[in-house]
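One structure is given below, encoded as structure tokens.
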2 protein chains.
Amino acid sequence: MMNLSIAEENYIKSIYKLEEEGQEAVSTNALAGELDTKPASVTDMAKKLKEKKLIEYEKYQGINLTAEGKKAALSIIRRHRLWECFLVDKLLFSWEEVHELAEELEHVRSEKMTNRLSEFLGNPQIDPHGDPIPDAQGKMGKPRAQTPLHKAKSKRLEVVAVSDKSTALLEFLNAKGIRLGTQIDVIERYEFDNSIELKIRNQPAFTISEQVSKNIMVKPI
Amino acid sequence: MMNLSIAEENYIKSIYKLEEEGQEAVSTNALAGELDTKPASVTDMAKKLKEKKLIEYEKYQGINLTAEGKKAALSIIRRHRLWECFLVDKLLFSWEEVHELAEELEHVRSEKMTNRLSEFLGNPQIDPHGDPIPDAQGKMGKPRAQTPLHKAKSKRLEVVAVSDKSTALLEFLNAKGIRLGTQIDVIERYEFDNSIELKIRNQPAFTISEQVSKNIMVKPI
DNA sequence: AATAAAGTTTAGGTAAATCTAAATAAAAGG
DNA sequence: CCTTTTATTTAGATTTACCTAAACTTTATT
Ligand SMILES: [Mn+2]
Ligand SMILES: [Mn+2]
Ligand SMILES: [Mn+2]
Ligand SMILES: [Mn+2]
């Protein structure tokens with residue numbers, strides 16, 4: 001496996017994320033948005049990553065990871081999520097604090113360290129946001145076939161993941177008492193703005209916007 | 001405290017190390033040697049660090065850290081040594097494996113994470129090589145007034161630190177059964193090459209070169 | 001199909017951190 | 001004190017990862 005720069009790793013990870021979110025071929029603009037950079041910079045990097053055979057890329061046709069690119073992505077994601085577990089489980093950070101730190105820790109490349117960290121943490125299967133952790137071979141549990149709350153049909157639900165890791169969202173969820181494993185009763189869905197009124201045990205009912213509900217992944221219970 | 005690049009942090013740390021080793025003013029060449037770079041690059045960086053008021057520097061006169069530079073150095077060293085403790089105590093690495101990993105982990109700057117890591121480790125006072133760990137305020141236990149084995153007068157000694165962190169030396173010490181806390185009996189000192197014959201409990205006596213003995217810090221027992 | 005709008009690439013630059021080779025200053029030796 | 005050696009700095013390039021502005025493609029809209 002080639003040696004990637006930090007910038008290259010961040011690109012690979014973002015391409016993986018956008019592909020996973022359903023983009024057939026990842027567009028220059030989408031990637032620029034995800035990485036908070038300019039489209040021209042993305043084009044530059046695309047040429048380099050193509051040269052290194054980590055992506056397939058033709059002018060104006062968008063980007064897709066090659067098999068090798070996917071392998072690299074999964075290895076970065078593994079490190080990212082394991083460090084998030086460490087920060088939450090061992091250093092007692094809360095889930096909204098760990099993403100940015102893991103964004104840096106993920107770039108320390110050592111298979112031995114990564115595997116020992118995993119073992120030390122008891123080989124966790126999901127990270128603090130409910131996302132699955134790839135194993136040492138790059139196999140990831142479930143490809144996340146999760147229902148967002150705004151599309152769930154059932155009345156009684158359990159929170160299994162959040163898809164947005166912004167401090168803003170996670171702090172909002174903290175304030176409302178919503179975390180992984182929280183059980184939710186849907187009281188009412190309002191069609192005009194797709195807001196949802198819901199209730200959590202021992203708490204008054206409250207309403208959340210579609211913006212929020214589409215980032216909460218749930219399963220029926 | 002200003003935001004330093006990884007390169008700047010590595011320079012600051014090396015300047016601190018060379019000052020600590022006794023260099024009145026750190027020379028361009030010494031620093032280039034320590035950082036495995038070229039003197040011309042050091043001159044470039046010296047200008048930048050002077051601009052940022054982290055060092056005192058006049059052309060041809062060598063380099064010294066300012067108070068602010070020292071504070072920055074101690075903060076980097078704190079992170080470095082805490083991560084080394086983590087790797088050895090929690091991930092079960094051996095002392096020759098951790099320096100290079102810590103060289104990268106040290107650049108993740110988060111006071112909160114650093115302090116939590118310290119707490120998680122039980123606020124250790126020394127790292128796996130016997131070096132003191134600065135506290136959150138940048139105070140470092142003892143300024144290392146340690147005797148190297150080749151200058152020790154006493155016959156019975158205890159190993160308290162190693163001053164060279166190269167894998168080569170540390171693996172040699174592993175092979176000989178020398179680690180922190182090991183008790184040594186000096187059997188003979190040979191003047192012609194300053195080699196030392198010594199003995200460790202339950203092991204045949206053996207001889208080490210001055211190259212080795214000057215990197216083993218000891219105290220009498 | 002023609003045109004407008006949106007998306008993407010190219011051209012040309014900048015800043016950081018490096019390098020080599022040449023110039024210059026300091027130190028050492030006689 | 002003069003000269004040689006050693007140390008240091010400058011000048012000029014290179015690489016990586018960005019950027020803006022202009023040119024070019026693709027796509028959507030009349
Ligand atoms: Mn990252
Ligand atoms: Mn996560
Ligand atoms: Mn370092
Ligand atoms: Mn150490």
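Just so it is clear, the values below take in all heavy atoms, side chains as well, and ignore hydrogens, waters and symmetry mates. Convention: sequence-line order gives letters A, B, ...; per-chain numbering from 1.
The separation between B/M45 atom CE and D/dT10 atom C1' is 18 Å, rounded to whole Å. Taking atom CD1 of residue A/I6 and atom P of nucleotide D/dC18, one finds them 11 Å apart after rounding to whole Å. Between the CG atom of B/N29 and the P atom of C/dA26 there is a distance of 15 Å, given to the nearest Å. Distance, B/L35 CG to C/dC19 P: 10 Å, rounded to whole Å. Note: CG (B/D44) to C1' (D/dA13) measures 12 Å, nearest angstrom. Here the P atom of nucleotide C/dA16 and the CD atom of B/E9 are 16 Å apart, to the nearest Å. For B/L31 and D/dT9, the CG to P distance is 11 Å, given to the nearest whole Å. If you measure from atom CD of A/E58 to atom C1' of C/dT10, you get 17 Å, rounded to the nearest angstrom.
Side chain of B/R116 to backbone of A/L91: a donor-acceptor contact under 3.5 angstrom is found.
A cation-pi arrangement is absent between A/K90 and B/F86 under the rule of less than 6.0 angstrom and at most 45 degrees off the ring axis.
Taking the side chain of A/A40 as heavy atoms from C-beta on, and the options C/dT9, D/dC18, D/dT9, the nearest nucleotide is C/dT9.
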What one-letter contact string describes nucleotides 24-29 of chain D from 5' to 3', where B marks a base within less than 4.0 Å of any protein heavy atom, S marks contact via sugar-phosphate atoms alone, and - marks no contact?
BSS---

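Here A/K38 does not reach the OP1 or OP2 of C/dT8: none of its side-chain N or O atoms lies under 4.0 Å away. In this model, the phosphate group of D/dT16 is not approached by any side-chain N or O of A/Y11 to a distance below 4.0 Å at OP1 or OP2. Of the side-chain N and O atoms in A/S41, one or more sit less than 4.0 angstrom from OP1 or OP2 of D/dC19. Between D/dT10 and B/K47, a contact under 4.0 Å exists linking OP1 or OP2 to a side-chain N or O. For the OP1/OP2 pair of D/dT9 and a distance below 4.0 Å, the side-chain nitrogens and oxygens of B/Y57 include at least one atom meeting the criterion. Applying the 4.0 Å criterion to OP1 and OP2 of D/dT10, one finds that B/T43 has every side-chain N and O outside that range.
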Go through the steps to decide whether B/D135 and B/R78 satisfy the test salt bridge (Lys or Arg N to Asp or Glu O under 4.0 Å), and finish with yes or no.
CA-CA 7 Å; B/D135 69 17; B/R78 172 168 161 82; over 6 Å; no

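Salt bridge status for A/K50 with A/E56: absent, with no side-chain N to carboxylate O gap under 4.0 Å.
Using a 3.5 Å distance cut-off with no hydrogens or angles, the side chains of B/T114 and B/E111 do not pair a donor with an acceptor. Residues A/H99 and A/H129 bring no donor and acceptor atom of their side chains to less than 3.5 Å of each other.
To the nearest 0.5 Å, atoms CE (B/M113) and CG (B/L105) are separated by 8.0 Å.
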